[in-house]
Protein chains: 2
Amino acid sequence: MAFKPISTQTLQRMPMYLNYLKDLPVGGAANISATMMADDLRLNDVQVRKDLAMVGQGGRPKIGYVVKDLISDIEHCLGFNNIDSAVLIGVGNLGRTLLEYEGFSECGVDIVVAFDVNQSIVGTTINGKRILPVSKLYSICSRMKIKMGIITVGTGEAQGICDLLVKSGVVAIWNFASVRLNVPSNVFVHNDNMTSSLAVLSNYLVERFSTNK
Amino acid sequence: MAFKPISTQTLQRMPMYLNYLKDLPVGGAANISATMMADDLRLNDVQVRKDLAMVGQGGRPKIGYVVKDLISDIEHCLGFNNIDSAVLIGVGNLGRTLLEYEGFSECGVDIVVAFDVNQSIVGTTINGKRILPVSKLYSICSRMKIKMGIITVGTGEAQGICDLLVKSGVVAIWNFASVRLNVPSNVFVHNDNMTSSLAVLSNYLVERFSTNK
DNA sequence: TAGATTGTTAATCGATTAACAATC
DNA sequence: TAGATTGTTAATCGATTAACAATC
């Protein structure tokens, strides 16, 4: 049977399922139906079943799914139970927050070190993570076999940093810069962009309150 | 002719076009072809033309589009040229960053005030923005006719804050909490969620490096 | 058994891409 | 004119949803 990759949409819903399942009352039922999950999360029930089918052993008619199994299946599929080391480049506003953010560990990600070109912050520490000069990136990432890189530099520098990461062996890149990165096909990029989000929200207000529809 | 809403996908690409057009050499050609934009941005050329058709007057065969017009059309469509006032609720890690972020102004958004329940920060100021108790949210938002709210509170508090925003007249909500918010149909919610992004990246690494495919 | 629930197959829907005629 | 480029119509693709048989 051919390997079927999990779609981005399905993956993005997984943390929602995980949250929901973990928030279920501790002494409650051992099983849960996709129908009930869908109702509570305001999703389509077939969609929930298809999503769950991607990660688990399936449920039983009339009974539903075993909550505990579902939780561990989802965590396994998302890699939330084994830690990936990551590096972050660009300790500006956003970079600093990500370094200070405590929620990554339970998502299986550990930012082990950060890089910046700004001499005045190089050598300092944020939340226990050292900030090193970008010139050290290659040697550190290749030696530590870092697989994940988080880009929080400005638009202009993003592609250069990306190239450096790729050369250093990084294969998964989380890009917060507002540019489309050019990478070889064996490197995965996920873009997260505040401006895109604002575009959607702001356009909604423009359309809603404009007089010349 | 019926009004045709712009798809989320198209809207999310708009800032990319805008960046690209603004970065074009100042003394350069007055026109640009969708073909060239698509090549440079690594997009499909028909897609670029369809996107641009949603906002502008169209281009001319052989000539292309007028750069200057395109820029102003996109800015207008995104509402980047008229300022919307917004409020932010939850001055934790992420909330603080958003308050300090200087990039919103050029996207037509101005966070005018923030709210938090934490007495030790209420009354202080971040980047010129006052932090007020949540108990003041209703009176301030309704009096100032605030239309946009940014939710950066924890998972548990998000729905309550959302309800309060809706009651106060806010119609566009940018939600960073990892829950699906329940809102009336005349309120627009855009979700931005770090955990979803990490799910996608982390699953890529799991699949790529797992032995038992 | 009856009915709730699963999982599969088919239909729908929307976005992207391909083909091509119109135009400067 | 010839050819680059636009814009439209049709085809493709993937995700969501509906219908329904299987099962406990």
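Sequence lines set the chain letters: A, B, ... in the order given, protein chains first and strands last, and positions in each chain run from 1. Note that this is a predicted model, so its numbers are computed, not measured.
Put simply, CG on A/Leu43 is 10 Å from P on D/dT16, counting in whole angstrom units. In this entry the distance linking CD of A/Gln47 with P of C/dG7 reads 15 Å, nearest Å. Separating the CD atom of A/Gln9 from the C1' atom of C/dC13 is a distance of 14 Å, rounded to the nearest angstrom. Note: CE (B/Met54) to C1' (C/dT16) measures 15 Å, nearest angstrom. Rounded to a whole Å, the CG atom of A/Asp45 is 12 Å from the C1' atom of D/dT16. Nucleotide C/dA4 holds its P atom 18 Å from the OH atom of A/Tyr65, rounded to whole Å. Rounded to whole Å, atom P of D/dG14 lies 17 Å from atom CD1 of A/Ile6. Between A/Ile63 atom CD1 and D/dT23 atom C1' the separation is 10 Å, expressed in whole Å.
Residue A/Arg13 places none of its side-chain N or O atoms closer than 4.0 Å to OP1 or OP2 of D/dA15. Regarding contacts with the backbone of C/dT6, a side-chain N or O of A/Thr35 is found under 4.0 angstrom from either OP1 or OP2. Put simply, A/Arg49 has a side-chain N or O that comes within less than 4.0 Å of OP1 or OP2 on C/dT6.
Between D/dA15, C/dA4, D/dT17, one nucleotide has an atom nearer to the side chain of A/Ser7 than all others, and that is D/dA15. If you check C/dA18, C/dT23, D/dA18 against the side chain of B/Pro61, the one that comes closest is C/dT23.
Using a 4.5 Å heavy-atom cutoff, the side chains of B/Ile150 and B/Phe176 are in contact. Between B/Val55 and B/Ile6 the shortest side-chain heavy-atom distance falls below 4.5 Å. Looking at A/Gln47 and A/Arg13, their side chains come closer than 4.5 Å, going by heavy atoms from C-beta outward.
Side-chain to base pairing of B/Lys50 with D/dT8: no donor and acceptor N or O lie closer than 3.5 Å to each other.
Across the strands present, D/dT16 finds its partner in C/dA11; the criterion is a Watson-Crick or G-U wobble pair with both atom distances under 3.5 angstrom. Here C/dT5 sits opposite D/dA22 as a Watson-Crick or G-U wobble pair (both hydrogen-bonding atom distances under 3.5 Å).
At most 12 non-hydrogen atoms from other residues, nucleotides or ligands lie less than 6.0 angstrom from CE of B/Met36.
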Let's go through B/Asp45 and B/Arg49 carefully: what are the C-alpha distance in whole Å and the side-chain angles of both, what is the deciding distance for salt bridge (charged side-chain N to carboxylate O under 4.0 Å, His left out) to 0.1 Å, and is it a yes or a no? CA-CA 6 Å; B/Asp45 63 327; B/Arg49 260 176 235 117; 3.2 Å; yes
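When heavy atoms are screened at a 4.0 angstrom cut-off, A/Ala34 is found touching the sugar-phosphate backbone but no base atom.
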